[in-house]
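Naming: A, B, ... by sequence-line order, numbering from 1 per chain.
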Number of protein chains: 2
Amino acid sequence: MSKVLTIGRLAEATGTSVETIRFYEKSGILPSPARTDGNYRSYEPAHLNRLSFIRRARELGFSLDQVKELLRLSDDRSQSCAAVDDIAKLHRTEVERKISDLLSLKTELDRIIDTCRCGTVADCRIIESLSPADAARSEGDVTA
Amino acid sequence: MSKVLTIGRLAEATGTSVETIRFYEKSGILPSPARTDGNYRSYEPAHLNRLSFIRRARELGFSLDQVKELLRLSDDRSQSCAAVDDIAKLHRTEVERKISDLLSLKTELDRIIDTCRCGTVADCRIIESLSPADAARSEGDVTA
DNA sequence: GTTAGACCCCGTAGTCACTATGGGGTTGAG
DNA sequence: CTCAACCCCATAGTGACTACGGGGTCTAAC
Ligand SMILES: [Zn+2]
Ligand SMILES: [Zn+2]
Ligand SMILES: [Zn+2]
Ligand SMILES: [Zn+2]
């Protein structure tokens, strides 16, 4: 069993955890490899390539479904790459939207945090910003 | 039952779904209200305020655990707001890190997407960028 | 009075991409 | 032979909901 590409060695080679590799197999994104006499998984170089592809795409934020589709498309090497481009561009759009959302969020957090004069909770601008505008302090406090 | 603040009205008033309100109650972040004869939840104004606080904090990206802590701190109104500030600043740091990660990601997606000449999959720069550098095309293709 | 529809109840399972736990079998070196 | 390191599998947990299924309740029109 010295030259066999075990799950541990594949994990090491791709920077993936063993559990994640088994999870990919169960998810159907990484094909089931052959087994040794002792029922250990025995991977081929093709598995290493495929797993590297998956990990790289995941690093770039593609969902597992998108990765599946990219892998499927990459099998049909003579076809137009338009479908590939579509997936990538859609993903980029989502990333741009997330960035824009987070930037607005940061602006708001900055505004809230910077107005706090560091007194008591009663005067805290952060708590105040979170509380509903018409929360009468006498009754109907935020505490239910 | 005309003036009772039912779960549906509370949902309407706060822009929350009924299921989410029940989920908040089960999570222990929104206290269990009284029940009517027909076993319907009957909310007080304090519930409305508390739920508004929760929704606002969630909009700002605080986790439910952070919201719980913010609510706990906001009960002790004579205390220093330092702990509140800590939570908010920690959250802001996390948001900044996410923005920075997504910006690098977008840069890389731009680089990958813009090099594609829109030919066949065999020539697609996107697929190429995802494939491992030393994937010999003859054998050990990305297809396992 | 009854029936239709809108509302409410509860528990459970599903989402996403893993991660963790537990209890066992296999391998390789000393 | 023993022991650690590795591997197997199934199940449950994460966060913050969302969806589903199978019922009970309320109101108003007929
Ligand atoms: Zn402060
Ligand atoms: Zn403060
Ligand atoms: Zn193209
Ligand atoms: Zn392309």
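Using a 4.0 Å cut-off, no side-chain N or O of A:Thr36 falls inside it from OP1 or OP2 of C:dT26.
The residue B:Phe62 sits apart from the nucleic acid: no heavy atom pair falls under 4.0 Å. Heavy atoms of B:Ser27 sit nowhere under 4.0 angstrom from any nucleic acid atom.
Remark: B:Tyr43 pairs with B:His47 by the ring pair (Phe, Tyr, Trp, His ring centres under 6.0 Å) rule, at least two apart or across chains.
Only at 4.0 angstrom or more do the heavy atoms of residues 87-99 of chain A sit from any atom of DNA chain C, so none qualifies.
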Under 3.5 Å, side-chain donor or acceptor atoms of residues 121-129 of chain A against the rest of the protein: list the pairs with distances, not counting sequence neighbours.
unit_1	atom_1	unit_2	atom_2	d
A:Asp123	OD2	A:Thr120	OG1	3.4
A:Ser129	OG	A:Arg125	O	2.7

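Between A:Asn39 and A:Thr20, it is A:Thr20 whose nearest contact on DNA chain C lies nearer the 5' terminus.
Per the geometry, CZ belonging to A:Arg41 stands 10 Å off P belonging to D:dC7, to the nearest Å. Rounding to whole angstrom units, CD of residue A:Glu25 and C1' of C:dC18 are separated by 16 Å.
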Pairwise N/O distances under 3.5 Å, protein to nucleotides 20-24 of chain D:
unit_1	atom_1	unit_2	atom_2	d
D:dG24	N2	B:Tyr40	OH	2.6

Evaluate the side chain to side chain donor-acceptor pair (under 3.5 Å) criterion for residues A:Thr107 and A:Ser104: first the C-alpha distance (whole Å), next the side-chain angles of each, then the deciding distance (0.1 Å), finally the verdict. CA-CA 5 Å; A:Thr107 301; A:Ser104 325; over 6 Å; no
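When the C1' atoms of four end pairs are superposed on the next four at each end of the helix from C:dG1-D:dC30 to C:dG30-D:dC1, using five pairs per end, the two resulting axes differ in direction by 30°, to 10°.
Residue pairs meeting the ring-ring contact (aromatic ring centres under 6.0 Å, His included) criterion with at least one partner in residues 92-112 of chain A, sequence neighbours excluded, are absent.
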